[in-house]
Engineer: 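Once you've had a glance at the structure underneath, I'll fire off some questions.
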Number of protein chains: 2
Amino acid sequence: MNTLNQSLNDETAISLAELFRTLGDSARIRILAALSDEEHNVSNLAALAGLSESATSHHLRHLRQMRLIKSRKEGRYVYYSLDDDHVKQLVSCGLEHVRHG
Amino acid sequence: MNTLNQSLNDETAISLAELFRTLGDSARIRILAALSDEEHNVSNLAALAGLSESATSHHLRHLRQMRLIKSRKEGRYVYYSLDDDHVKQLVSCGLEHVRHG
DNA sequence: TTAATATATGAACATATATTCAGGTATCAA
DNA sequence: TTGATACCTGAATATATGTTCATATATTAA
């Protein structure tokens, strides 16, 4: 078992920072929270997160590029969902710190 | 047990985003990694993280304000350490996603 | 076809943020 | 005291980033 310090070369630190930066926006957090229950299309997500559809679309692209969410197209609609349960775990882990802090 | 969506009101989403944004910088990640083994003073941290002492000091203040690290003064030196093991856990949780992703 | 809906995209703008620089305080040694 | 070391801080600057706006594509309905 390696220590955190041994595991974290510069390249890994950059990737890790990118991941956390992606989570570091309250709009994207609201989107992920909405997706933690069930999949939603863009319009729904925009309404749930209180964002314009354009802003939502930009955020969704960002989240997808970071492999936090995935999409599925059905007719005119594109349904987004969390990529896996690990995302939920990561957000929950942060939540614990916020509550306990 | 609440779902993520139920736990995350707007205020909580903002706090959570602030936490993740604090972790969303590779310099701060390197600092936290260095601190995961043992405490260090500012000059050491600057050298370990490859930063100027001024930049390091700015980052340390940020990390301390977010309660991720704590400090202890001894003579001319100020020693920093992780605030608790939960910080290490949070970083490790992100690391898993980076590796597995 | 035409019109409406759903989503995506790039440019522009405004704000946020990381770093440097200059200077400040505090501690210790000579 | 004087000088050196360790750390901190605010201003300035350069870069990053979120949102809006205009527009484009794709799908469906009429």
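All chains are named by letter (A, B, ...) in the order of the sequence lines, taking the proteins before the strands, and each is independently numbered beginning at 1. Quick note: numbers below take in every heavy atom, side chains included, and nothing from hydrogens, waters or symmetry partners.
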Engineer: Mind checking if A:R64 touches a base, just sugar-phosphate, or nothing, with heavy atoms under 4.0 Å?
Structural biologist: nothing

Engineer: Examine D:dT19: is either OP1 or OP2 under 4.0 Å from a nitrogen or oxygen in the side chain of A:S52? Give yes or no.
Structural biologist: no

Engineer: For a quick check, tell me whether the side chain of A:H58 and the base of D:dT20 share a donor-acceptor pair closer than 3.5 Å.
Structural biologist: yes

Engineer: Check whether any side-chain nitrogen or oxygen of B:Y77 sits under 4.0 Å from OP1 or OP2 of D:dC8, and answer yes or no.
Structural biologist: no

Engineer: Which part of the nucleic acid, if any, lies within reach of A:T56 when heavy atoms closer than 4.0 Å are counted: base, sugar-phosphate only, or nothing?
Structural biologist: nothing

Engineer: OP1 or OP2 of C:dT25 sitting under 4.0 Å from any side-chain N/O of B:R76?
Structural biologist: no

Engineer: Any donor-acceptor pair under 3.5 Å between the side chain of B:H62 and the base of C:dT17?
Structural biologist: no

Engineer: Taking only N and O in the side chain of B:R21, is any of them less than 4.0 Å away from OP1 or OP2 of C:dT17?
Structural biologist: yes

Engineer: How many Å lie between CZ on A:R72 and C1' on C:dA6, as a whole number?
Structural biologist: 15 Å

Engineer: Test for a donor-acceptor pair under 3.5 Å between the base of C:dT9 and the side chain of A:S54, counting only N and O atoms.
Structural biologist: yes

Engineer: Consider the side chain of B:V42, meaning its heavy atoms from C-beta on, and name the nucleotide among C:dA6, C:dT27, D:dC8 that approaches it most closely.
Structural biologist: D:dC8

Engineer: Please classify the nucleic acid contact of A:Y80 as base, sugar-phosphate, or nothing, using heavy-atom distances under 4.0 Å.
Structural biologist: sugar-phosphate

Engineer: Nearest whole angstrom, please: distance from the P of C:dA8 to the CD of A:Q65.
Structural biologist: 12 Å

